A.B. asks: 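One structure, as structure tokens, below. Some questions next.
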Amino acid sequence: MTVTTRFAPSPTGYLHIGGARTALFCWLYARRHGGRFVLRIEDTDLERSTPEAINAILEGMSWLGLDYDEGPLYQTHRFDRYREVLERMLAEGTAYRCYCSKARLDAVRADQQARKVKPRYDGRCRDLTEPPADAEGAPVIRFRQPHEGHTVVDDHVKGKVVFDNAELDDLIIARGDGTPTYNFVVVVDDMDMNISHVIRGDDHLNNSARQSNILKALGVEPPVYAHVPMILDEAGKKLSKRTGAASVMEYRDAGYLPEAVINYLVRLGWAHGDQEVFTLDEMIEHFDVGDINHSASSLNPSKLDWLNQHYMKTLPPAHVARHLAWHLGALDIDPGRGDGPDIEAVVQAQAERSKTLVEMAENSRFFYRTPEGYDEKAARKHLKGAEDVLGALHDALAVVDPWTADAIHQAVTGVAEERELKMGKVAQPLRVAVAGGPVSPPIDITLELLGREATLARIEQARAWALTQAEHAP
RNA sequence: GCUCCCAUCGUCUAGCGGUUAGGACGCCGCCCUCUCAAGGCGGAAACCGGGGUUCAAGUCCCCGUGGGAGCGCCA
């Protein structure tokens with residue numbers, strides 16, 4: 001049996017971070033076993049499905065690098081097939097038409113809730129041989145659920161879960177307008193697509209018994225089920241747009257690398273001993289649904305930050321640079337235009353002082369744009385009264401040759417020694433002069449990247465500023 | 001209300017009857033240092049409660065408690 005997994009989101013919003021992890025698990029499991037991974041769009045709810053949401057899902061999958069062997073398959077393209085199976089079940093008696101009005105159903109449910117019993121269909125039409133006299137509107141189709149015995153779902157994450165069939169009612173598998181419903185199309189699709197392992201959120205665990213029974217009614221062996229726990233926000237509450245990044249594209253926008261998000265996600269609810277950092281190949285090699293945790297897990301944003309920085313430091317600079325360029329673009333900076341430093345060198349200089357690409361882009365802005373004004377506190381502390389040092393720096397740097405970090409370093413320490421100043425008294429004014437603020441990569445590297453021309457111009461500018469301050473001083 | 005799931009440091013987790021309960025993030029301290037970081041070293045920090053089973057329980061069973069999910073002509 002070839003392993004076939006599927007990710008089956010409904011296109012009603014964005015690609016949720018929990019959904020992304022489910023997709024990752026499905027993908028890993030298929031890859032691990034040399035099987036197939038199918039992407040299926042569950043769009044039978046014509047009211048709520050949108051093309052924008054479909055695009056958001058596709059875009060998210062692509063950004064994460066989760067490629068599929070088949071799909072995207074759309075359930076709306078398969079209505080004829082669903083109809084065919086429906087007819088067959090009707091003919092075989094495993095499904096029946098139900099003429100109960102919504103009003104009656106609501107009344108039954110309200111009554112059950114008032115009596116504090118589990119709301120369920122009371123089976124009025126279950127054994128009808130012809131439409132009742134009071135039938136109005138088109139009938140729905142219900143699955144004839146066995147009422148005796150138990151249904152055992154051998155879940156590969158949770159273990160054996162036993163459901164009393166008496167608890168299961170006759171669910172609607174086709175609406176009055178003839179369109180099929182979720183619990184039915186899932187079953188038909190999983191059957192037709194030969195899905196061997198259904199890996200999905202554990203909010204579906206309760207559905208498994210009924211789906212499994214429909215499959216049996218169709219004469220098909222149910223797939224292996226593996227229900228993965230939910231992902232909660234930092235506070236341990238259900239993720240929402242308000243409480244945190246629920247959409248994977250928000251992570252891209254916030255400056256995370258897909259590699260970091262993937263690595264973060266795989267360790268959320270799954271572990272391989274003490275290992276924290278995994279290459280894709282290592283994940284594929286070690287992943288198993290049996291090792292997935294049973295309980296929900298909360299997001300830990302600072303750990304994602306740590307992983308993100310790890311990947312910014314260790315991935316090939318050219319790769320990180322491509323992502324950085326995107327964020328620089330958001331700042332209206334085009335690093336490829338040639339009037340700034342090589343972006344890969346910027347990545348190498350900034351990686352160890354950035355948690356995200358957004359942060360890296362913001363902190364690298366001064367390489368491409370002359371700072372507009374100085375950080376007030378830094379200027380007061382380091383620029384005021386530094387006109388002499390800045391002048392000396394200017395002179396020393398003007399003759400540095402070649403313009404390399406080593407030579408620059410010698411020039412700067414030379415000025416410090418000459419004036420018997422600590423390095424901090426020289427490097428900080430210089431730093432504020434060129435970067436506009438008190439933070440930058442090591443000063444020699446900063447200047448090397450910035451180039452001689454820009455360096456000298458900014459030192460001059462800072463010296464002029466310091467001079468003005470001195471004049472206005474009391 | 002009924003059914004189902006879940007429970008180890010703040011968080012992510014290792015543990016699969018015998019451990020000084022391990023690692024990671026974060027936090028704190030020290031070192032390094034031209035800034036910020038990064039890095040190195042060290043530290044504080046957990047088995048939800050109660051019963052069993054067993055020579056031995058974080059690990060197995062039961063009951064509580066606390067979370068969560070489901071109970072739609074949504075998926």
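What you see is a predicted model, and the numbers here were worked out from it, not measured in a lab. Letters go in sequence order (proteins before strands), and every chain restarts at 1.
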A.B. asks: In the structure shown, which nucleotide is the Watson-Crick or G-U wobble counterpart of B:U19, with both distances under 3.5 Å?
C.D. replies: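 Pairing partner: none.
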A.B. asks: Given that both distances must come in under 3.5 Å, which nucleotide forms a Watson-Crick or G-U wobble pair with B:G49?
C.D. replies: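 Pairing partner: B:C63.
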A.B. asks: Considering only side-chain heavy atoms of A:P119, which listed nucleotide, B:C5, B:G72, B:C12, is closest?
C.D. replies: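 Ranking B:C5, B:G72, B:C12 by closest atom to the A:P119 side chain puts B:G72 first.
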A.B. asks: For residues 441-449 of chain A, which residues have at least one heavy atom under 4.0 Å from RNA chain B?
C.D. replies: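 Close to the strand are A:P441, A:P442, A:I443, A:D444.
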A.B. asks: Establish, from distance only, whether the side-chain atoms of A:H147 and A:R126 form a donor-acceptor pair under 3.5 Å.
C.D. replies: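 Yes - a donor-acceptor pair under 3.5 Å links their side chains.
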A.B. asks: Of the nucleotides B:C73, B:C4, B:G68, which one has an atom closest to the side chain of A:R109?
C.D. replies: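 Closest of the options to the side chain of A:R109: B:C73.
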A.B. asks: So which nucleotide from B:A75, B:A38, B:C4 ends up closest to the side chain of A:Q309?
C.D. replies: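 Nearest to the side-chain atoms of A:Q309, counting from C-beta on, is B:A38.
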A.B. asks: So what's B:G10 paired with, Watson-Crick or G-U wobble, going by both distances under 3.5 Å?
C.D. replies: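 Checking every strand shown, B:G10 finds its partner in B:C25, with both distances under 3.5 Å.
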A.B. asks: Is A:K118 close enough to B:G70 that one of its side-chain N or O atoms is under 4.0 Å from OP1 or OP2 there?
C.D. replies: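 For A:K118, the contact criterion (side-chain N or O under 4.0 Å from OP1 or OP2 of B:G70) is not met.
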A.B. asks: In whole Å, what separates the P atom of B:C27 from that of B:U19?
C.D. replies: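 Roughly 34 Å separates the two P atoms.
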A.B. asks: Could you work out the separation of B:A46 and B:G15 based on their C1' atoms and round it to a whole Å?
C.D. replies: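 The answer is 13 Å between these two C1' atoms.
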A.B. asks: Decide if atom NZ of A:K216 counts as having more than 12 heavy atoms of other residues, nucleotides or ligands within a radius under 6.0 Å.
C.D. replies: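 It does: A:K216 NZ has more than 12 such atoms within range.
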A.B. asks: Go nucleotide by nucleotide along RNA chain B from the 5' end; which of A:G273 and A:P9 gets its closest nucleotide reached first?
C.D. replies: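 Nearest nucleotide further toward 5': that of A:G273.
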A.B. asks: So which nucleotide does B:C73 pair with, by the Watson-Crick or G-U wobble rule with both distances under 3.5 Å?
C.D. replies: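 When the pairing criteria are applied, nothing turns out to pair with B:C73, so the answer is none.
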A.B. asks: With A:T5, which of A:I199, A:L28, A:V289 fulfils side-chain contact (heavy atoms from CB on, under 4.5 Å)?
C.D. replies: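 Single pass found, and it is A:I199.
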A.B. asks: Give me the distance, rounded to whole Å, that separates B:C41 from B:G23 when you measure between the P atoms they each carry.
C.D. replies: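 To the nearest whole Å, 13 Å.
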A.B. asks: Just call it for A:K313: base, sugar-phosphate, or nothing, with non-hydrogen atoms closer than 4.0 Å on any strand.
C.D. replies: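 Sugar-phosphate, no base atom in range.
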A.B. asks: Do A:N300 and A:S302 have side-chain atoms, one donor and one acceptor, less than 3.5 Å apart?
C.D. replies: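 Yes, A:S302 and A:N300 have a side-chain donor paired with an acceptor closer than 3.5 Å.
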A.B. asks: What nucleotide, of B:U3, B:C5, B:C71, holds the atom closest to the side chain of A:L205?
C.D. replies: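 Given the options B:U3, B:C5, B:C71, the side chain of A:L205 is closest to B:C5.
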A.B. asks: Taking the P atom in each of B:U65 and B:G50, what is the distance between them to the nearest angstrom?
C.D. replies: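 So the two P atoms sit 15 Å from each other.
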A.B. asks: Nearest of B:C2, B:C12, B:C34 to any side-chain atom of A:K303?
C.D. replies: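 Of the candidates, B:C12 comes closest.
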A.B. asks: As a test of reading the structure: which of B:C2, B:U13, B:C5 is closest to the side chain of A:D202, going by heavy atoms?
C.D. replies: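 In terms of side-chain proximity for A:D202, the closest of B:C2, B:U13, B:C5 is B:C5.
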A.B. asks: When you measure from the side chain of A:V439, which nucleotide among B:U35, B:A24, B:A69 comes out closest?
C.D. replies: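 Of B:U35, B:A24, B:A69, B:U35 is nearest to the side chain of A:V439.
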A.B. asks: Is it true that A:D305 and A:Y256 share a donor-acceptor pair across their side chains at a distance under 3.5 Å?
C.D. replies: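 Distance-only check passes for A:Y256 and A:D305.
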A.B. asks: Considering only B:A75, B:A7, B:C12, which nucleotide approaches the side chain of A:S295 most closely?
C.D. replies: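 Among B:A75, B:A7, B:C12, the one nearest the side chain of A:S295 is B:A7.
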A.B. asks: Side chain of A:N300 only, please: which of B:C25, B:G72, B:A75 is the nearest?
C.D. replies: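 The answer is B:C25.
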A.B. asks: Counting only side-chain nitrogens and oxygens, does A:S297 get under 4.0 Å of the OP1 or OP2 atom of B:U13?
C.D. replies: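 Yes, because at least one side-chain N or O of A:S297 sits under 4.0 Å from OP1 or OP2 of B:U13.
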A.B. asks: Please confirm whether the shortest side-chain N or O distance from A:K102 to OP1 or OP2 of B:G72 is below 4.0 Å.
C.D. replies: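 Looking at the OP1 and OP2 atoms of B:G72, neither is under 4.0 Å from any side-chain N or O of A:K102.
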A.B. asks: May I ask you to say what A:H272 touches in the nucleic acid, namely base, sugar-phosphate or nothing, with a heavy-atom cut-off under 4.0 Å?
C.D. replies: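 No contact.
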A.B. asks: Looking at A:K381, A:K377, A:Q428, which hits side-chain contact (heavy atoms from CB on, under 4.5 Å) with A:P438?
C.D. replies: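 That would be A:Q428.
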A.B. asks: How far, in whole Å, is B:G10 from B:C47 if one measures between their P atoms?
C.D. replies: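 Looking at atom P only, B:C47 and B:G10 are 8 Å apart.
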A.B. asks: Between A:N308 and A:T356, do the side chains contain an N or O donor and an N or O acceptor separated by less than 3.5 Å?
C.D. replies: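 No, A:T356 and A:N308 have no side-chain donor paired with an acceptor closer than 3.5 Å.
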A.B. asks: Paired with B:U35 by Watson-Crick or G-U wobble geometry, both distances under 3.5 Å: which nucleotide is it?
C.D. replies: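 For B:U35, the partner nucleotide comes out as none, under the 3.5 Å rule.
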A.B. asks: In whole angstrom, give me the gap between the P atoms of B:U59 and B:C6.
C.D. replies: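 It comes out at 15 Å once rounded to the nearest Å.
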A.B. asks: What's the shortest heavy-atom distance between A:I292 and A:F25, and which atoms?
C.D. replies: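 Heavy atoms of A:I292 and A:F25 come nearest at CD1-CD1, 3.7 Å.
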A.B. asks: Between A:S354 and A:D274, which has a closest nucleotide on RNA chain B that is more 5'?
C.D. replies: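 So the residue in question is A:D274.
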A.B. asks: Which whole number of Å gives the distance between the P atom of B:G43 and that of B:A21?
C.D. replies: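 The same atom, P, in both gives a distance of 16 Å.
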A.B. asks: From B:C34, B:A24, B:G70, pick the nucleotide closest to the side chain of A:A427?
C.D. replies: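 Closest of the options to the side chain of A:A427: B:C34.
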A.B. asks: OP1 or OP2 of B:U35 sitting under 4.0 Å from any side-chain N/O of A:K381?
C.D. replies: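 No, outside the criterion.
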A.B. asks: Can you tell me if A:T44 touches the phosphate of B:A75, counting only side-chain N or O atoms and a distance under 4.0 Å to OP1 or OP2?
C.D. replies: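 Yes, within the criterion.
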A.B. asks: Apply side chain to side chain contact (heavy atoms under 4.5 Å, CB included) to A:R120 and list each qualifying residue two or more places apart in sequence or on a separate chain.
C.D. replies: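 Partners of A:R120 by the side chain to side chain contact (heavy atoms under 4.5 Å, CB included) criterion, ordered by chain and then number, come out as A:Q112, A:D169.
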A.B. asks: Given B:C12, is OP1 or OP2 found less than 4.0 Å from the side-chain N or O atoms of A:S298?
C.D. replies: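 Answer is yes, contact under 4.0 Å.
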A.B. asks: Taking atom P in both B:G66 and B:G26, compute the distance separating them and give it to the nearest angstrom.
C.D. replies: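 B:G66 and B:G26 have their P atoms separated by 35 Å.
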